[in-house]
Amino acid sequence: MNHFLDIHKTGADDLREILDQANAMKSARAGLPKGTPDSETPLDGRMVALIFEKPSTRTRVSFDMGVRQLGGQSMVLSGSEMQLGHGETIADTARVLSRYVDMIMIRTFDESILLELAEYADVPVINGLTDRTHPCQIMADIMTFEEHRGPIKGKKVVYLGDGNNVCHSLLHAAGQFEFDVTFAGPAQLEPEAEIIGYARGKGSEILIERDADKAVAGADLIVTDTWLSMHDKQSARERRHNMLRPYQVNKALMKTAGEQAVFMHCLPAHREEEVTSEVMDGPQSVVFDEAENRLHAQKAVMRFCLGL
Ligand code: CP
Ligand code: NVA
């Protein structure tokens, strides 16, 4: 069994195999009604617990549908309704759930919760987002980029805005899939130095740029995300928006980037804040393919975790 905790914790060959399998499963079910199982149902007889300590639309629905298409069953659990949210330890929760279910996906706050769950669980644990990283999202992003533009190796990716969990997983992926990342954002919101150091150590060129126009010129992929993540305090909204406004992805910025650039956003998007509707709905945007690919990529992640 394998956990899927972060992109830098799974081998590069395994990551590539996960994406190959995701592509194969996606093609194999083209045109099928969404509720029809795949022709292969390796999760037959398996139960997957999906724990959410934060809101979710895509992660919740794509994991739930993915389990069903693979022939398994899932249960969605809200952290606040579990004893976990009322004083039971993470370790005990892990031990108990391991007696009932075959795999656990968790969306939670501090990374330490995910890591403790994985340490004490006898079944695979998948990271469905923490305050620090969002690896399933970035697997879907790589899959989507390659569908539209071919191999991502050696490409220039520009991330604009807050150096958050999505940005961190993108940097992990840069190291594993061998592409370069320019971060364009304010000094106060740069991604963690440790994660930048990881990607540089793997040979990726990671640049920090304050000027959005300079950053995007010649980019193959432009990525942004919300300016206020679920773990950020509402009281920080105005201060963050003021700092981040120069990094909005709009039509003029996409023009500076060039026609070769595709645009991605993990969603939910805050239209006219970090991105304009003109870009979201424009010809360079692949955001809904990206959302769809969460389903296919995560099905492959689940098969990898269970060795199926
Ligand atoms: N992108 C993403 O993870 O979306 P949800 O918060 O809706 O799951
Ligand atoms: N950075 C965002 C991603 C949401 C999918 C958040 O953590 O809220």
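Only this structure's heavy atoms are used, side chains among them; waters, hydrogens and symmetry mates stay out. Remember, it's 1-based here, ligands and their atoms both numbered in the order they're listed. This is a predicted model, so every value here is computed, not measured.
Heavy-atom contacts of Ser229 reach the following atoms of ligand 2: 1 (N), 2 (C), 6 (C), 7 (O), 8 (O) (cutoff under 4.0 Å). Listed by atom number, the atoms of ligand 2 under 4.0 Å from Asn165 heavy atoms are 1 (N), 2 (C), 6 (C), 7 (O). Atoms of ligand 2 found under 4.0 Å from any heavy atom of Asp225 (numbered from 1 in listed order, with element): 1 (N), 2 (C), 3 (C).
With a 4.5 Å cut-off on side-chain heavy atoms, Phe183 and Glu190 count as touching.
Side chain to side chain, Arg46 and Gln73 fail the donor-acceptor criterion of an N or O pair below 3.5 Å. Between His296 and Asn23, the side chains place no donor N or O within less than 3.5 Å of an acceptor N or O (distance only, hydrogens not considered).
Ligand 2 has no nitrogen or oxygen under 3.5 angstrom from a nitrogen or oxygen of Thr226. An N or O contact shorter than 3.5 Å links Met230 to ligand 2 by distance. Distances between N or O atoms of Arg107 and those of ligand 2 include no value under 3.5 Å. Ligand 2 has no N or O atom lying under 3.5 Å from any N or O atom of His231, backbone or side chain.
For residues 53-102, there are no ring pair (Phe, Tyr, Trp, His ring centres under 6.0 Å) pairs, not counting sequence neighbours. Sorted by first and then second residue, the side chain to side chain donor-acceptor pair (under 3.5 Å) pairs involving residues 107-119 (not counting sequence neighbours) are Glu53-Thr108, Thr59-Arg107, Asp110-Ser112, Glu111-Arg132.
The pair Asp232-Arg240 meets the salt-bridge criterion, since a charged nitrogen lies less than 4.0 angstrom from a carboxylate oxygen.
Remark: of the listed residues Leu171, Val181, Leu207, Leu171 is the sole one forming a side-chain contact (heavy atoms from CB on, under 4.5 Å) with Ile196.
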What are the distances between nitrogen or oxygen atoms of ligand 1 and protein nitrogen or oxygen atoms, counting only those under 3.5 Å?
unit_1, atom_1, unit_2, atom_2, d
ligand 1, 1 (N), Gln137, OE1, 3.0
ligand 1, 1 (N), Cys266, O, 2.9
ligand 1, 1 (N), Leu267, O, 2.8
ligand 1, 1 (N), Arg294, NH1, 3.3
ligand 1, 3 (O), Thr59, OG1, 3.1
ligand 1, 3 (O), Arg107, NH2, 2.9
ligand 1, 3 (O), His134, NE2, 2.9
ligand 1, 3 (O), Arg294, NH1, 3.0
ligand 1, 4 (O), Arg58, NE, 2.8
ligand 1, 4 (O), Leu267, O, 3.4
ligand 1, 6 (O), Arg107, NH1, 2.8
ligand 1, 7 (O), Thr57, N, 2.7
ligand 1, 7 (O), Arg58, N, 2.8
ligand 1, 7 (O), Arg58, NE, 3.1
ligand 1, 7 (O), Arg58, NH2, 3.0
ligand 1, 8 (O), Ser56, OG, 2.6
ligand 1, 8 (O), Arg58, N, 3.4
ligand 1, 8 (O), Thr59, N, 2.8
ligand 1, 8 (O), Thr59, OG1, 2.7
ligand 1, 8 (O), Arg107, NH1, 3.3
ligand 1, 8 (O), Arg107, NH2, 3.2

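Asp38 is linked by a side chain to side chain donor-acceptor pair (under 3.5 Å) to Arg29, Lys299, counting only residues two or more places apart in sequence or in another chain.
When heavy-atom distances to ligand 2 are checked against a 4.0 Å cut-off, Asp162 has no atom that comes that close, whether in backbone or side chain. When heavy-atom distances to ligand 2 are checked against a 4.0 Å cut-off, Leu129 comes that close only through its side chain, counted from C-beta outward.
Asp211 CG: more than 12 foreign heavy atoms inside a 6.0 Å radius.
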*asked:* The test is ring-ring contact (aromatic ring centres under 6.0 Å, His included); show your working for His8 and Tyr198 and say whether it passes.
replied: CA-CA 9 Å; His8 67 306; Tyr198 162 82; 5.3 Å; yes
